[in-house]
Amino acid sequence: LAGIADLRGSNRERAAIERQRAMLRAPVTRALADRDSLAGAMDRIASLRSTIDGAPVWSRVVASLAAELPADAFLTSLHASADTLRLEGSAPRAAAVFQALRADPAVRSLHPQGPIRQTVSEDGSTSEGFTLVAVTGRVP
């Protein structure tokens, strides 16, 4: 009888442990996936840093501008001359682009060149076209 009682107690403990493991399985799986994603992102950042550090001066400036550019904005033209970049592009709000690029440490000064052009697409969304002149202070 003692052996049967011990076996029942062991079975109950094993079942309790299985329930606890089942409750922890999903959070642990998510944490492991997040860790793997973070490790991959850190590897890409390290690779990008080494590429930027070994790149010519304009490449570093352009990479810095691209990092600061809002995700919903894009450039349609880029012209470099001495220490000046002329950037043309479009964004839902041109002011957000101006603020983001002004915060870029590679940019010494930034000013618009011409008016902001507003367009309405067929789906009713608006975008603003802009031309900006950025002085980097770095002469390649």
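Just so we're clear, the structure is a prediction, and the values are computed from it rather than from any experiment. Residues: numbered from 1 along the sequence shown.
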Subject >> Donor + acceptor pair across side chains of Asp104, Ser64 (<3.5 Å) >> reply: yes
Original post:
Less than 4.5 Å apart, any side-chain heavy atom of Leu132 and any of Val97?
Top reply: yes
Subject >> Closest non-hydrogen atom pair between Ala80 and Leu85, with its separation >> reply: CB-CD2, 3.6 Å
Original post:
Do Phe74 and Leu65 share a hydrophobic cluster (ILVMFWY, side-chain heavy atoms under 4.5 Å, transitive)?
Top reply: no
**OP:** Verify, without hydrogens or angle tests, whether Thr29 (side chain) and Arg25 (backbone) share a donor-acceptor contact under 3.5 angstrom.
**Re:** yes
Subject >> Exam field: side chain Ser125 to backbone Ser121, donor-acceptor pair closer than 3.5 Å >> reply: no
Subject >> Ala100 versus Glu68, closest heavy-atom pair with distance >> reply: CB-O, 3.2 Å
Subject >> Side chain to side chain, Arg102 and Gln99, heavy atoms closer than 4.5 Å >> reply: no
Original post:
Linking I/L/V/M/F/W/Y whenever their side-chain heavy atoms sit closer than 4.5 Å, directly or via other members, would Val133 and Ile116 fall into one cluster?
Top reply: no
Original post:
Could you go step by step and tell me if Leu87 and Thr131 meet the side chain to side chain contact (heavy atoms under 4.5 Å, CB included) rule?
Top reply: CA-CA 6 Å; Leu87 309 163; Thr131 303; over 6 Å; no
**OP:** Look up atom CZ in Arg108 and atom OG1 in Thr84, then write down how far apart they are to the nearest 0.5 Å.
**Re:** 8.5 Å
Original post:
Quick one: CZ on Arg30 to CG on Asp34, what's the gap to the nearest 0.5 Å?
Top reply: 8.5 Å
Subject >> Between CZ on residue Arg12 and OG on residue Ser10, distance to nearest 0.5 Å >> reply: 9.5 Å
Subject >> Within-4.5 Å side-chain heavy-atom neighbours: Ser127 and Ser90 >> reply: yes
Original post:
Can you tell if the side chain of Pro112 reaches within under 4.5 Å of the side chain of Phe130, non-hydrogen atoms only?
Top reply: no
Original post:
In Å, rounded to the nearest 0.5 Å, how long is the span from OG of Ser81 to CZ of Arg86?
Top reply: 11.5 Å
